[in-house]
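Remarks on the structure that follows.
These figures come from a predicted structure and were not determined experimentally.
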Amino acid sequence: MSRPTVAITMGDASGIGPEIIMKALARPDIAALCRPVVIGDAERLREAGRIVENNLTVQAVASPREATDAPGTVACVDLGLIPKDHPFGRVSPVSGEAAFRYIERAVQVVQAGEAAAICTAPLSKEALHAAGHKYPGHTELLAALTGTPEVSMMLVSPKLRVIHVTTHVGLIDAIARIEPGLVERVIARGHDTLVKAGLANPRIGVCAINPHAGENGLFGRGEEAEKITPAVQACRARGWRVEGPLPADTLFFLAGRGDYDLVVAMYHDQGHGPIKVLGLEAGVNITVGLPVIRTSVDHGTAFDIAGKGIADEGSLVEALRQAVDLAPRRAV
């Protein structure tokens, strides 16, 4: 079986992205798993290599097809957007613009068949906005670049998988947006993703919105019956193993011990909190519903430690593993 080519975007050049990339690509297990090609700035990667004290050689290329795949070499589609001596640890519109361009090129690379998947290092939303790109994050940016009307965020850790009905909106707005059609589509995207990953009939638990799932009308205003139950019934009618709406505190406990393969969270913190408690360093973000495979680290730019060589590459390593697991098995 051929190793798929994975396009790794460098993320915000002022953050820890360049460092964790150089650390991850120094690992023999990653070299055996895939053919990584960084979409970013070659000189910034060289600087990061000096910071983390590894001996990798950075090869600047115009496209992934030029990459030599030689041992000890990191291929970089070099966009040359980061000035020399650009500071680490600061919000910068220069870094925000570059992060946007890396994603844009990565989408073009995958659509051209030069890579099988995208794996993203973290970007700064503040820097992205300062550069004039008003997206809430990677997920919405990738949806816009690929012309995808609706996608979902799935977070994966060694003990838990969570897909979100809503993400980067306030809680009041999230509750207003939740409706049966949206819940059903999110469940379907999660179900289809797990089936493609080898789980023939995944067990899916769907969170309630209110404490104790509303407890027969004692809490909330009937949101569970109105917004969630019809979607669960529709999915069960397809023959899927879907249960809910269930109290979130109990559901996450059950899923953590293995009773469910996927939890459907209704809003951002309902899903993110349990994943991060279980292990931020091993969490992976997967954008579900795109025409391209995209995985990401489940942490931010960590400006407070950027440029110090101490950032942990574990989440990026797991994101690369997930990208390989989901990527089409063909030579690129």
Side-chain angles (χ1 to χ4, degrees), residues 136-137 139-140 150-195 197 199 201-280 283-289 298:
T139 301
E140 296 82 2
E150 188 175 274
V151 296
S152 297
M153 176 188 293
M154 180 185 289
L155 302 180
V156 177
S157 75
K159 292 186 177 181
L160 188 65
R161 302 182 189 91
V162 183
I163 192 169
H164 292 70
V165 174
T166 65
T167 49
H168 295 121
V169 293
L171 184 56
I172 292 174
D173 294 332
I175 293 171
R177 289 189 187 187
I178 297 167
E179 51 87 17
L182 174 59
V183 175
E184 183 179 352
R185 293 192 299 274
V186 171
I187 295 171
R189 279 192 284 271
H191 177 274
D192 292 348
T193 298
L194 294 190
V195 169
L199 287 172
N201 193 7
R203 300 160 297 173
I204 300 174
V206 181
C207 286
I209 295 172
N210 293 299
H212 305 290
E215 201 156 313
N216 297 317
L218 290 178
F219 305 114
R221 300 179 181 178
E223 289 88 353
E224 279 73 27
E226 175 190 347
K227 296 172 176 286
I228 302 173
T229 298
V232 171
Q233 292 174 341
C235 291
R236 290 175 66 88
R238 303 189 197 190
W240 298 349
R241 292 192 291 174
V242 180
E243 297 181 20
L246 300 170
D249 52 0
T250 305
L251 175 53
F252 279 107
F253 167 75
L254 295 174
R257 76 178 187 184
D259 292 6
Y260 293 94
D261 300 304
L262 178 67
V263 172
V264 180
M266 292 296 120
Y267 52 89
H268 184 282
D269 285 10
Q270 187 181 57
H272 277 64
I275 283 281
K276 293 187 176 182
V277 166
L278 287 174
L280 180 62
V284 176
N285 183 332
I286 303 172
T287 305
V288 178
D298 187 29

Atom pairs and distances, side-chain donor-acceptor, residues 166-175, under 3.5 Å, sequence neighbours left out:
from, atom 1, to, atom 2, distance (Å)
Thr166, OG1, Met266, O, 2.7
His168, ND1, Glu140, OE2, 3.3

Side-chain heavy-atom pair Val162, Phe252 within 4.5 angstrom cut-off: yes
Nearest-0.5 Å distance that lies between atom CZ in Arg241 and atom CZ in Arg236: 11.0 Å
Heavy-atom closest pair, residues Gly239 and Asn201: O-OD1, 4.3 Å
From Asn210 atom CG to Arg221 atom CZ, the distance as rounded to the nearest 0.5 Å: 10.0 Å
Exercise: identify the closest heavy-atom pair between Val195 and Pro202: CG2-CD, 4.0 Å
Evaluation steps, side chain to side chain contact (heavy atoms under 4.5 Å, CB included), between Leu218 and His212: CA-CA 9 Å; Leu218 290 178; His212 305 290; over 6 Å; no
Pairs meeting criterion salt bridge (charged side-chain N to carboxylate O under 4.0 Å, His left out) with involvement of residues 222-232, two or more places apart: none
Atom pair CZ (Arg161) and CG (Leu199), whose distance is rounded to the nearest 0.5 Å: 5.5 Å
Heavy-atom pair with the smallest gap, counting every atom of Gly256 and Leu160: N-CD1, 4.2 Å
Derivation of the side chain to side chain contact (heavy atoms under 4.5 Å, CB included) call for Asp259 and Glu243: CA-CA 11 Å; Asp259 292 6; Glu243 297 181 20; over 6 Å; no
Exam field: side chain His191 to backbone Ile187, donor-acceptor pair closer than 3.5 Å: no
Main-chain N/O of Val165 paired to Arg177 side chain as donor or acceptor, under 3.5 Å: no
Heavy-atom pair with the smallest gap, counting every atom of Ile228 and Cys207: CD1-O, 3.5 Å
Audit row: Met153, His268, side chain to side chain contact (heavy atoms under 4.5 Å, CB included) steps and yes/no: CA-CA 10 Å; Met153 176 188 293; His268 184 282; 5.5 Å; no
Inter- and intrachain pairs under salt bridge (charged side-chain N to carboxylate O under 4.0 Å, His left out), touching residues 180-195, at least two apart: Glu150-Arg185, Glu150-Arg189, Glu179-Arg185, Glu184-Arg238
Check: Asn285 side chain, Asp298 main-chain N or O, donor-acceptor pair, under 3.5 Å: no
Minimum heavy-atom distance Ser152-Val186, with the two atoms named: OG-CG2, 3.6 Å
pair Leu262-Met154: side-chain heavy atoms closer than 4.5 Å: yes
Closest approach of Pro245 to Ala213 (non-hydrogen atoms, all atoms of both residues): O-CB, 3.9 Å
